[in-house]
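Shown next, in structure tokens, is the structure this report addresses.
Every heavy atom of this structure was used, including side-chain atoms; hydrogens, water molecules and symmetry mates were not. In what follows, chains are A, B, ... by sequence order, proteins preceding strands, each numbered from 1. In this text, all values refer to a predicted model and were calculated from it rather than measured experimentally.
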Amino acid sequence: MPELPEVETVRDGLARWVTGRRIATVEVNHARAVRRHLAGAQDLVARLTGARVEAASRRGKYLWLPLGGSAAGSALVAHLGMSGQLLVQPAGAADEKHLHVRIGFEDGGPELRFVDQRTFGGLLLDELVPAADRPVESVPASVAHIARDPLDPFFDDAGFAVRLRRRDSAVKRALLDQTLVSGIGNIYADESLWRAELHGERLGRTVSRAQVAALLGHVRDVLSAALRAGGTSFDALYVNVNGQSGYFDRSLNVYGREGEPCPRCGTPIRRSAFMNRSSFFCPRDQRPPRPKSAPRRAAGVH
DNA sequence: TATTTAACCTGGACGC
DNA sequence: TGCGTCCAGGTTAAAT
């Protein structure tokens with residue numbers, strides 16, 4: 001699934017292959033893929049046509065291409081959802097089964113394709129606005145609510161710790177909250193918590209400052225290692241812009257490894273349901289929090 | 001206000 | 001073989 005390392009790998013590919021090129025044609029085959037562009041597919045096509053791609057940027061799991069020329073001040077924003085792909089393909093290559101948007105360029109070179117099996121992802125054209133915490137930086141308005149990611153040099157470690165430790169909900173829920181810290185999904189949340197020897201259901205307010213600092217360090221280690229491996233792929237659902245899979249899945253310690261021995265202590269990895277998805281953890285190294293005790297009856301009352 | 005849940009979506013795995 | 005059910009999970013609107 002595309003989390004930060006996968007999205008960054010795609011961003012890097014877009015920077016190499018698409019930057020500096022002028023858009024000639026845009027074809028939208030599936031309206032759901034542009035549902036977040038509220039003005040509609042026709043408006044998206046009209047505004048993109050003739051625009052020049054100036055760069056490829058990212059915040060968390062969101063990608064965007066700042067535009068110049070007729071669309072200056074705006075950006076083509078993409079989110080890959082769970083199965084979205086941005087592919088750079090020769091213009092004559094066979095269409096993918098779930099090809100939803102095709103963007104051709106004036107130079108006649110490779111085209112940019114948005115392919116998405118589950119259509120949780122999508123594209124939109126949006127205005128760029130100054131970042132709230134650093135106005136010299138601009139982000140699409142639709143991405144402004146997303147926090148910086150832990151690999152961002154302007155990520156605020158102390159602010160993250162304060163907000164996390166104020167929470168009356170689970171640490172894993174906080175890691176997945178993109179308005180608190182971005183780029184982390186289910187896979188890297190479980191891997192980071194395992195490395196930090198923290199159970200994901202521990203409440204934020206029970207975690208010490210030192211534990212938060214250590215957790216952030218592990219998050220950065222996991223994300224960086226996955227980035228070096230080109231991301232994690234379990235199937236053909238995540239690929240870079242050239243259609244190649246990453247290989248970090250070979251380095252996963254707990255995710256998807258129910259019943260296998262914990263690489264640290266040998267205890268079988270356990271799986272549990274959490275937030276409508278699966279959590280994988282070592283029951284020995286990551287002690288679950290004690291369940292909340294039932295409210296005591298007042299003395300003498302039956 | 002803070003927190004949690006459900007819906008969206010498709011294809012593969014699995015049981016019968 | 002074919003059918004039905006479950007599962008994967010990022011985001012957000014709705015519910016609690």
From the set B:dC9, C:dG10, C:dT11, return the single nucleotide nearest to any side-chain atom of A:E3.
C:dG10
Heavy atoms only, 4.0 Å cut-off, all strands: where does A:F274 land among base, sugar-phosphate and nothing?
nothing
Of the nucleotides B:dA6, C:dA8, B:dT10, which has the atom closest to the A:N276 side chain?
B:dA6
Roughly how many Å is it from CG in A:L203 to P in B:dT3, rounded to a whole number?
10 Å
Rounded interatomic separation in angstrom, taking CD1 from A:I184 and P from C:dG10:
11 Å
Looking at A:R277, does any N or O in its side chain come under 4.0 Å of the phosphate oxygens OP1/OP2 on C:dG10?
yes
Can you tell me if CD on A:E137 sees more than 12 non-hydrogen neighbours from other groups inside 6.0 Å?
yes
What is the distance from CZ of A:R36 to C1' of C:dT12, rounded to the nearest Å?
9 Å
Record whether the side chain of A:D168 comes under 3.5 Å of the base of B:dA2 through a donor-acceptor pair of N or O atoms.
no
CG of A:L164 versus P of B:dT3: gap in Å, rounded?
11 Å
Evaluate the side-chain proximity of A:P140 to A:E127: yes if any heavy-atom separation is below 4.5 Å, no if none is.
no
Hey, does the side chain of A:R32 come within less than 4.0 Å of B:dC9's phosphate (OP1/OP2), counting only N and O?
yes
Can you identify which nucleotide, out of C:dG10, C:dA8, C:dT12, has its nearest atom closest to the A:F120 side chain?
C:dG10
With a 3.5 Å cut-off and no angle check, do the side chains of A:R202 and A:T206 form a donor-acceptor pair?
yes
Just checking A:H145: base, sugar-phosphate only, or nothing, at a heavy-atom cut-off of under 4.0 Å?
sugar-phosphate
Between CZ of A:R35 and P of B:dC9 the distance, given in whole Å, is 8 Å
Compare side-chain N and O positions of A:R173 against OP1 and OP2 of B:dT5 and report whether any pair is under 4.0 Å apart.
yes
How many Å lie between CZ on A:R163 and P on B:dA2, as a whole number?
10 Å
C:dT11, OP1 or OP2 - any side-chain N/O from A:H79 closer than 4.0 Å?
yes
According to a strict under-4.0 Å criterion, is A:H98 in side-chain N/O contact with OP1 or OP2 of B:dG11?
yes
Verify the contact: side-chain N or O of A:Q178 to OP1 or OP2 of C:dG10, cut-off strictly under 4.0 Å; return yes or no.
no
Out of C:dA8, C:dG10, B:dG11, minimum distance to the side chain of A:Q117 belongs to B:dG11
Please report, rounded to the nearest Å, how far the C1' atom of B:dT3 is from the CZ atom of A:R166.
15 Å
Do A:S182 and A:K61 have side-chain atoms, one donor and one acceptor, less than 3.5 Å apart?
no
Is any side-chain N or O of A:K97 closer than 4.0 Å to OP1 or OP2 of B:dG11?
yes
Closer to the 5' end of DNA chain C via nearest nucleotide, is it A:I146 or A:R271?
A:R271
Evaluate the side-chain proximity of A:L48 to A:L67: yes if any heavy-atom separation is below 4.5 Å, no if none is.
yes
How close or far is atom C1' of C:dG10 from atom NZ of A:K172, stated in whole angstroms?
13 Å
Consider only side-chain N and O atoms of A:N240 and A:T9, and report whether a donor and an acceptor are under 3.5 Å apart.
no
Nearest to the A:S169 side chain among B:dC8, C:dT12, B:dT3, which nucleotide is it?
B:dT3
